[in-house]
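Here's the structure, in structure tokens; my notes come after.
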Amino acid sequence: MIKKFIRKMLGVKSKADAAGADSNEPTVLSAQEHGINPSLLSSNAIRVTQTLQEAGFKAFVVGGAVRDLLLGVKPKDFDIATNATPEQVKRLFRRAFIIGKRFQIVHVMFGQDLLEVTTFRGTVTDGAPKDEHGRVLRDNTFGEQHEDAVRRDFTINAMYYDPATQTVLDYHNGIADIRKKTLRIIGVPEARYREDPVRMLRVVRFAAKLQFTIDPATSAPISVMAPLINNVPTARVFDEMLKLLMSGHAMACLQQLRKEGLHHGLMPLLDVVLEQPLGEKFVTLALANTDERIRQGKPVSPGFLFASLLWHQVLEKWDAYKAAGEFAIPALHLAADDVLNTQTDALALQRKIGSDMRDIWAMQPRFEKRAGKTPYKLLEHPRMRAGYDFLLLRCASGEIDAELGEWWTDFIAGDGAEREHLLTVKPKQDSAAPKKRRPRRRSPRNAGDKPDSATE
């Protein structure tokens, strides 16, 4: 205690303090200090690090996997960092493939399990190709481990775990930020966002997913620098948006996007949708449904998710086309075309996802036809389940009468006799539906003529 007081008075730092101050020297945490449960590790991740170490290289589990392990969560993906070059890594594994232009990495495959192996990255050089806004376009500079730690985005993602010694190397006080539930970017925020604007979306995703607070200095430049995301290839933005929406905390992510001023351009008209009572309820239900399926480990269709988010834009245009005199089905197709054309440019929607969205939307009027062979044909539609789930969302949000969803629930679950009976049941008259106009009477040819009984 006295020694600490003297050091403080004299300004002398202990070894631990010096290690924390000098990012070249990590704080080394033992198994007792970090508390990682080794059983949460992937056997293939251990296999990759062990193979690299036996070949004379350094190798660590790194990034989000270490963060999740420290939080007591089993990681979905395991990334490995090493001082071996991509070519050296590739030679050590039977199924290994070098990918990437901006920075080369190696995908190592074990059956369906894919592990990403990266070589320690060096500091960004002035000669690295950049666009006019400062975004790094290509950088295959390799370096030391402490340089690699500086290149990582957030302190909680800049720790390295060695399964062999069960130690964690912490270069930027990431363990302290995890315990404080704080999200902090490494380095000068403005410079890091300029290098890669997608980091602004990652801040939002991690804050919402982990329920962490964004450090004020990390958050401050985002609203001003948000337009830089427009310079990022749309495919990268789409991938990040998909991760955000399928994080299991989709609604929290969208709310955080709005809070940080990042939603403009990513989800056009999202504000308009969320300001409409029916639209807000529909989107909230859709995202809650998605989050629940992810938590239960069930598959989630990106097509269904984006069909839900953009439905009220389609609905608005559909009503406009019908008001202009188009028949219902052609009007819906025109509305879908308008929305998909706009969003394909803005979000780089893949053709498969766009096709799924169109199918889900196009099925909705067909659910209203509950006679003859039409319901049976609809049961054979390859997107039937997605279309039916979408119908239930519309019912739950109050957009359409719940009776329609109940009828289809019974029809899908029923046997042959039950289905035939349901086809004979007349739909309840929707009080909200517009009443049909009675045909106008013809004016009698003579003033004294009376209309016959058929037109009374």
Side-chain angles (χ1 to χ4, degrees), residues 245-246 248 250-251 278-315 318-319 322 327-333 335-336 339-340 352-434:
L245 292 169
M246 301 181 76
M251 195 64 197
L278 286 180
E280 182 175 8
K281 189 172 182 181
F282 185 87
V283 169
T284 301
L285 286 169
L287 296 179
N289 175 276
T290 299
D291 291 346
E292 184 60 30
R293 290 184 65 85
I294 289 171
R295 282 193 284 268
Q296 293 176 1
K298 295 180 179 179
V300 174
S301 162
F304 183 89
L305 186 56
F306 281 99
S308 302
L309 290 173
L310 300 174
W311 171 241
H312 278 74
Q313 293 182 35
V314 174
L315 202 56
W318 188 18
D319 289 340
K322 286 190 291 185
F327 290 107
I329 302 300
L332 178 56
H333 287 297
V339 171
L340 283 174
K352 172 68 167 60
I353 293 175
S355 176
D356 289 349
M357 294 165 65
R358 190 187 297 277
D359 285 347
I360 291 169
W361 292 335
M363 289 173 70
Q364 299 312 301
R366 296 178 64 184
F367 283 114
E368 296 173 10
K369 299 177 181 178
R370 292 181 273 173
K373 297 187 181 296
T374 302
Y376 289 104
K377 290 180 180 178
L378 203 52
L379 288 179
E380 298 171 0
H381 196 290
R383 298 282 176 274
M384 173 61 193
R385 187 70 206 188
Y388 165 70
D389 287 343
F390 197 86
L391 174 73
L392 295 184
L393 280 179
R394 295 175 65 206
C395 294
S397 69
E399 179 195 328
I400 57 176
D401 197 319
E403 184 269 337
L404 181 60
E406 292 166 3
W407 188 94
W408 275 100
T409 299
D410 293 339
F411 190 79
I412 292 169
D415 58 21
E418 290 169 337
R419 288 177 177 175
E420 286 300 316
H421 170 70
L422 285 167
L423 292 176
T424 66
V425 177
K426 288 187 177 182
K428 294 178 184 177
Q429 186 68 33
D430 186 356
S431 59

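Model, not experiment: these values are computed from the prediction.
- When every heavy atom of L332 is checked against every heavy atom of A362, the shortest pair comes out as CD2-CA, 3.9 Å.
- Put simply, the side chain of M384 reaches to within 4.5 Å of the side chain of I412, judged on heavy atoms.
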Just distance, no hydrogens or angles: give the donor-acceptor pairs under 3.5 Å from side chains in residues 292-311, sequence neighbours left out.
unit_1: E292; atom_1: OE2; unit_2: Q296; atom_2: NE2; d: 2.7
unit_1: R293; atom_1: NE; unit_2: P299; atom_2: O; d: 3.0
unit_1: R293; atom_1: NH2; unit_2: P299; atom_2: O; d: 3.0
unit_1: R295; atom_1: NH1; unit_2: G248; atom_2: O; d: 3.2
unit_1: Q296; atom_1: OE1; unit_2: K298; atom_2: NZ; d: 3.1
unit_1: S301; atom_1: OG; unit_2: G303; atom_2: N; d: 3.2
unit_1: S301; atom_1: OG; unit_2: F304; atom_2: N; d: 3.1
unit_1: S308; atom_1: OG; unit_2: F304; atom_2: O; d: 2.9
unit_1: W311; atom_1: NE1; unit_2: E399; atom_2: OE1; d: 2.9
unit_1: W311; atom_1: NE1; unit_2: E399; atom_2: OE2; d: 3.4

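- Y376 and G416 make their closest contact through OH-O, 4.4 Å (heavy atoms, listed as atom of the first residue, atom of the second, distance).
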Q: Go through the steps to decide whether K369 and L378 satisfy the test side chain to side chain contact (heavy atoms under 4.5 Å, CB included), and finish with yes or no.
A: CA-CA 10 Å; K369 299 177 181 178; L378 203 52; over 6 Å; no
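- When all heavy atoms of L423 and G372 are compared, the closest pair comes out as CD1-O, 3.9 Å.
- Summarising the geometry, atom CD belonging to E280 is positioned 11.0 Å from atom NE2 belonging to H312; distances are rounded to the nearest 0.5 Å.
- When each of W408, F367, F282 is paired with F390, the ring-ring contact (aromatic ring centres under 6.0 Å, His included) condition holds for F282 and for no other.
- For the atom pair CZ of R385 and CD1 of I360, the computed distance is 12.5 Å after rounding to the nearest 0.5 Å.
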- prompt: Does the side chain to side chain contact (heavy atoms under 4.5 Å, CB included) test come out yes or no for V314 and L340, once each step is laid out?
  reply: CA-CA 9 Å; V314 174; L340 283 174; over 6 Å; no
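- In terms of the side chain to side chain contact (heavy atoms under 4.5 Å, CB included) criterion, E380 has no residue partners (sequence neighbours excluded).
- Remark: W407 pairs with F411 by the ring pair (Phe, Tyr, Trp, His ring centres under 6.0 Å) rule, at least two apart or across chains.
- In terms of modelled atom types and a separation under 3.5 Å, the side chain of R419 and the main chain of G414 share a donor-acceptor contact.
- R370 places a side-chain heavy atom less than 4.5 Å from the side chain of L404.
- Separation of atoms CE (M251) and CG (L285) is listed at 10.0 Å; rounding is to 0.5 Å.
- Shortest non-hydrogen contact noted between P375 and A371 is CD-O, 3.4 Å.
- With E368 contributing its side chain and Q364 its backbone, the two residues share no donor-acceptor pair below 3.5 Å.
- In this structure, the side chains of D359 and H381 come closer than 4.5 Å at one or more pairs of heavy atoms.
- Side-chain atoms of K281 and T284, non-hydrogen and from C-beta on, never get closer than 4.5 Å to each other.
- Closest heavy-atom contact between L391 and I400: CD1-CD1, 3.5 Å.
- One N or O on the side chain of W318 and one on the backbone of A328 form a donor-acceptor pair closer than 3.5 Å.
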